[in-house]
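Read the numbers this way: they start at 1 and go in the same order the structure lists the ligands and their atoms.
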Amino acid sequence: MNKLHWAFIMDGNGRWAKLHGFPRKSGHVEGVKTVEKVVDFCLNCGEVGVVSLYVFSTENWDRPAAEVKGLLSLAEKYVSRVKTFLEKDVRVVFSSSYDKLPVNLVKSMRECEEKTKNCKKMVLNLCFNYGGREEILHTAKVLAEKGELKDADEEVFLKNMYNDLPCPDLILRTGGQMRLSNFLLFQSAYTELFFSDTLWPDLTEDELNGVLDAFKHRVRNFGKII
Ligand code: IPE
Ligand code: IPE
Ligand code: MG
């Protein structure tokens with residue numbers, strides 16, 4: 001069986017911080033620890049080939065400048081840990097619109113992608129400055145420029161998206177909201193959706209195990225009678 005593509009909408013850092021009487025930034029710092037936990041869980045369970053993380057949306061620029069700055073610096077710190085990715089044999093790719101991102105961050109992102117490109121155990125797709133609608137528009141423009149849009153079918157379209165990755169099998173959103181918030185709109189057509197009230201920093205291995213188990217009990221029809 002093919003390994004799974006598990007995507008995460010990491011929501012609830014701000015509320016976690018508020019609940020504990022900390023500034024929002026502490027929630028994001030704590031959230032990075034959950035990222036590490038999730039990556040290790042997926043590596044160790046042996047059933048996941050691709051992990052996608054929704055790190056920062058194209059709409060998150062509308063947050064206060066100080067929070068945006070904090071998120072950008074946390075991201076830069078995280079992608080600079082190339083050694084850790086190499087040790088874990090994790091290939092890092094980005095689903096990103098690079099336009100608005102600071103030059104230094106883009107440099108670190110490209111470096112991380114380049115240095116981990118031969119890693120084989122798992123792909124970590126970081127959706128940073130990502131918007132599903134923007135990705136669809138971007139892909140249409142790429143195909144139009146190549147003169148291939150007119151004849152493009154769904155397969156060709158998917159191949160030309162930010163990364164040539166399989167569609168997600170499951171998406172887990174923490175933080176209690178039941179929406180996609182512009183995440184993987186084209187790719188999620190037949191994705192199994194899971195919503196949890198747990199705030200992202202509180203996500204545990206037990207809950208991850210539970211979601212994986214529940215996923216295995218979902219019947220995926222893809223429109224057919226089976
Ligand atoms: C993290 O959670 C998601 C990001 C945009 C980084 P939030 O910052 O949205 O946390 P809540 O929803 O305010 O609790
Ligand atoms: C979704 O969370 C975006 C990320 C997790 C990066 P938001 O907190 O931005 O989503 P909304 O505003 O509740 O829809
Ligand atoms: Mg939120």
Please identify which atoms of ligand 1 are closer than 4.0 Å to at least one heavy atom of R24.
-> 7 (P), 8 (O), 10 (O), 13 (O)

Please verify whether a non-hydrogen atom of H28 lies at under 4.0 Å from ligand 1.
-> yes

Residues pairing under side-chain hydrogen bond (donor to acceptor under 3.5 Å, both in side chains) where one sits in residues 142-155, two or more places apart or in two chains, turn out to be K146-N160

Using a 4.5 Å side-chain heavy-atom cut-off and chaining through intermediate ILVMFWY residues, the residues clustered with V50 come out as V93, V123, L165

May I ask you to check whether F215 and W6 place their ring centers less than 6.0 Å from one another?
-> no

Between D169 and H5, do the side chains contain an N or O donor and an N or O acceptor separated by less than 3.5 Å?
-> no

Check whether any side-chain heavy atom of T198 lies under 4.5 Å from a side-chain heavy atom of E207, and answer yes or no.
-> yes

When you measure from the centre of the six-membered ring of F94, is the NZ or CZ of R110 under 6.0 Å away and within 45° of the axis?
-> no

S108 and E76: side-chain donor and acceptor closer than 3.5 Å?
-> yes

Heavy atoms under 4.0 Å from ligand 2: which residues qualify?
-> I9, M10, D11, Y54, V55, F56, S57, N60, R63, R173, R179, S181

So, for Y54 and F8, is the gap between ring centers shorter than 6.0 Å?
-> no

Pair S57-N182, side-chain donor/acceptor within less than 3.5 Å = no

Take the angle between the ring planes of F85 and Y78 and call it parallel below 30°, perpendicular above 60°, tilted in between.
-> perpendicular

Atoms of type N/O/S from protein, distance to the Mg ion (ligand 3) below 2.8 Å = 1

